[in-house]
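See structure below.
Every chain is numbered from 1 and lettered A, B, ... according to where its sequence line falls, protein lines coming before strand lines.
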Amino acid sequence: MEVIKAPRGTRDILGSESWKWAYVSSICREVADDFGYKEVHLPIFEHTELFSRGVGETTDIVEKEMYTFEDRGGRSIALRPEMTASMMRSYLENEMRSANQPVKLWGIGPMFRYERPQKGRYRQFQQMDIEAIGAQDAFVDLEVINFSMELYRRLGLSNLQVLINSVGCPKCRPNYRKKLQDFLKPEHDKLCDSCKNRFDRNPLRTLDCKRPVCKEITANAPSIMECLCDECKEHFDKLMLGLNRIGAVVKHDKRLVRGLDYYTKTAFEILSGDLGSQNAVCGGGRYDNLSEAIGGPHVPSVGFAAGIERIVLTMEAQGCSFGKEPSNKVYVVAAEPCVRIDTMDLVRKLRMNGISADMDYMDRSMKSQMKSAGNMAQYACIIGSEELAKGIITVKNMSESTQEELTIEQLISKLK
RNA sequence: GUGGGUGUAGCUCAAUUGGUUAGAGUACCGGACUGUGGCUCCGGAUGUUGCGGGUUCGAUCCCCGUCACUCACCCCA
């Protein structure tokens, strides 16, 4: 029988990598604490409707990338493709409107999208997500962008580019949309197939189409900045002023649009110069319409999601530090097979005292056991009939090649 | 969903125009060193050549299909 393999687009994060993940999440937690965000644990699956209404019926994510199934009670369920909609659902469901606004939440966990895997893109992937819910002020947008930059600064990342734009609001975006459509109409036949396709549904996406034909056509397209309403314009100016004040280096990319329907006003993205074509390590923005889309009152909010895989990949490419890789303090070596019961007991006593310890269970030679000690521990603790007779343990420091004889009590107080 | 590249030992890779028993390095285990890792030397174990079919006297090699990995399109974290 063939051994069953992990499904396509999923992967096992094994010991040699998982400590790096633990390091990255610990930094996420630190920054979240410093910025006053509270951690939440949300369900990995939700009602399909939450995403189809929240993220948008016509988005790629909902249209062709969701893992959807019917549960045994006949409900349509989806594995979450992103966390923002769940965050808003939780805010509404738990009546967080009665708390101090904005409510600042963060979370980390797996997301699921049915896509063709490639570098930095998986069907199950990990995201860190932060949301500031319930405030309109552009300085909250500023805080959120600053949060992402601070996170990357602490992780030691470099060669990043921050892109920022405004995508308007329901008041002004339709005007721009109309203006853009009028501009594109004469060139409609020349556009690429997918842009032709979205001409009616989502013409803004033509702006960030990478095909040369479309790029050429849109080179002189009207900018959304000309169409923003006063409110959106002021919001954007205030944000840019703030970014300037904190010395943030950002690029105003007038072509930046977002694929998710709920974005309003601020949209931003951070790109890594050390990834392949899947180079966004962070994407976010303001979503003042999400709450209403899923049946709530008007709740202006802003947040972002960062991809953990892409962060780790970038850190590896840039040789960033992940802190110290954890290893055992002690490997207990049996000099003779007959003392294995004693090595077991020593391992147990060390562990009881909070000293990480391990030993051989394969009846291997002493030489082999010493090898393991050298590979996976700082100290080898050798026990044989001589040690038992004298009531001591031979303790060898593997990196310095020095050794001494200690009683168990001395050993514990030395290593604790 | 579309296209390119790649699948041989745990890992990195060989194998002549298609040729008989598929090799090496590394890691692993044992020994030289009858109780001490790293260096050296000796020995040992390990494969459904991704899977299925086809061509052939004969396929790791050629052809078709399939699966997986990978990169790109698309989309996005």
Side-chain angles (χ1 to χ4, degrees), chain A residues 1-11 16 55 59-65 80-84 108-129 148 192-195 197-198 202 205 208-211 214 256-260 267-272 275-284 303-314 331 333-339 360 362-388 394-403:
Chain A
M1 206 169 72
E2 210 165 318
V3 178
I4 296 170
K5 289 187 275 191
R8 179 155 211 212
T10 68
R11 58 199 201 107
S16 56
V55 177
T59 58
D60 278 14
I61 288 179
V62 168
E63 229 171 29
K64 48 192 194 191
E65 294 174 3
R80 64 180 181 197
E82 58 112 49
M83 201 162 6
T84 304
I108 190 167
M111 308 297 153
F112 305 85
R113 290 184 201 172
Y114 190 88
E115 293 185 277
R116 195 87 176 254
Q118 71 184 76
K119 184 172 186 177
R121 188 170 79 184
Y122 309 95
R123 289 183 174 179
Q124 177 178 335
F125 58 100
Q126 207 79 4
Q127 274 187 350
M128 189 248 185
D129 192 89
S148 66
C192 75
D193 287 349
S194 52
C195 285
N197 234 318
R198 55 196 174 204
N202 198 349
R205 294 213 54 88
D208 71 349
C209 181
K210 285 161 201 144
R211 289 175 202 281
C214 303
L256 177 67
V257 294
R258 314 253 59 215
L260 283 51
F268 79 101
E269 203 164 283
I270 300 184
L271 306 181
S272 162
L275 287 175
S277 66
Q278 307 303 317
N279 60 353
V281 289
C282 168
F304 74 78
I308 305 294
E309 286 84 353
R310 292 181 187 180
I311 288 174
V312 171
L313 281 171
T314 304
Y331 196 86
V333 172
E336 299 137 51
C338 60
V339 301
D360 170 58
M362 300 298 287
D363 284 332
R364 292 183 306 152
S365 65
M366 182 169 180
K367 177 193 171 97
S368 214
Q369 293 180 61
M370 288 301 291
K371 216 176 195 177
S372 297
N375 284 338
M376 51 199 275
Q378 296 166 40
Y379 296 91
C381 288
I382 303 163
I383 301 183
S385 34
E386 285 175 33
E387 283 81 1
L388 289 180
T394 301
V395 180
K396 179 167 184 177
N397 180 320
M398 297 310 278
S399 54
E400 288 166 22
S401 255
T402 55
Q403 69 182 47

**Item:** Listed once per pair and sorted, the salt bridge (Lys or Arg N to Asp or Glu O under 4.0 Å) pairs that draw on residues 362-371 of chain A, sequence neighbours left out
**Value:** A:Arg340-A:Asp363, A:Asp360-A:Arg364
**Asked** Which is true for A:Gly284 with a 4.0 Å heavy-atom rule: it touches a base, it touches only sugar-phosphate, or it touches nothing?
**Response** nothing
**Request:** Looking at every strand, decide which applies to A:Tyr122 at a 4.0 Å heavy-atom threshold: base, sugar-phosphate, or nothing.
**Result:** base
**Asked** Would you say the side chain of A:Arg11 and the base of B:rC69 hold a donor-acceptor pair, judged only by whether the two atoms sit under 3.5 Å apart?
**Response** no
**Donor-acceptor side-chain pairing of A:Ser277 and A:Gln118 below 3.5 angstrom** = yes
**Message:** So, using ring pair (Phe, Tyr, Trp, His ring centres under 6.0 Å) as the criterion, who are the partners of A:Phe268 when residues are at least two apart?
**Reply:** none
**Asked** Hey, are A:Glu387 and A:Thr394 close enough side-chain-wise for a donor-acceptor pair under 3.5 Å?
**Response** yes
**Request:** Using the P atom on both, measure B:rA77 against B:rG5 and round to a whole Å.
**Result:** 31 Å
**Message:** With salt bridge (Lys or Arg N to Asp or Glu O under 4.0 Å) as the rule and sequence neighbours excluded, what pairs involving residues 117-129 of chain A come up?
**Reply:** A:Glu115-A:Arg121
Do any N or O atoms of the protein come closer than 3.5 Å to N or O atoms of nucleotides 1-8 of chain B, and which pairs are they?
unit_1 : atom_1 : unit_2   : atom_2 : d
B:rU2  : O4     : A:Arg116 : NH1    : 2.3

**Distance below 4.0 Å between A:Gln118 side-chain N/O and B:rU70 OP1 or OP2** = no
**Message:** For a quick check, with a 4.0 angstrom heavy-atom cut-off, what is the B/S/- contact string for nucleotides 33-44 of chain B, read 5' to 3'?
**Reply:** --BBBB------
**Item:** A:Ser277, nearest nucleotide to its side chain (from B:rG31, B:rA77, B:rA72)
**Value:** B:rA72
**Message:** What stems show up for RNA chain B when you take Watson-Crick pairs (N1-N3 plus N6-O4 or O6-N4) and G-U wobbles (N1-O2, O6-N3), both under 3.5 Å, and require three or more consecutive pairs?
**Reply:** B:1-7 with B:67-73, B:10-13 with B:23-26, B:28-32 with B:40-44, B:50-54 with B:62-66
**Request:** Check the side chains of A:Gln378 and A:Ser399 for a donor-acceptor pair under 3.5 angstrom, ignoring hydrogens and angles.
**Result:** no
**Euclidean distance, atom CD1 of residue A:Ile61 to atom P of B:rC76 [Å, nearest integer]** = 7 Å
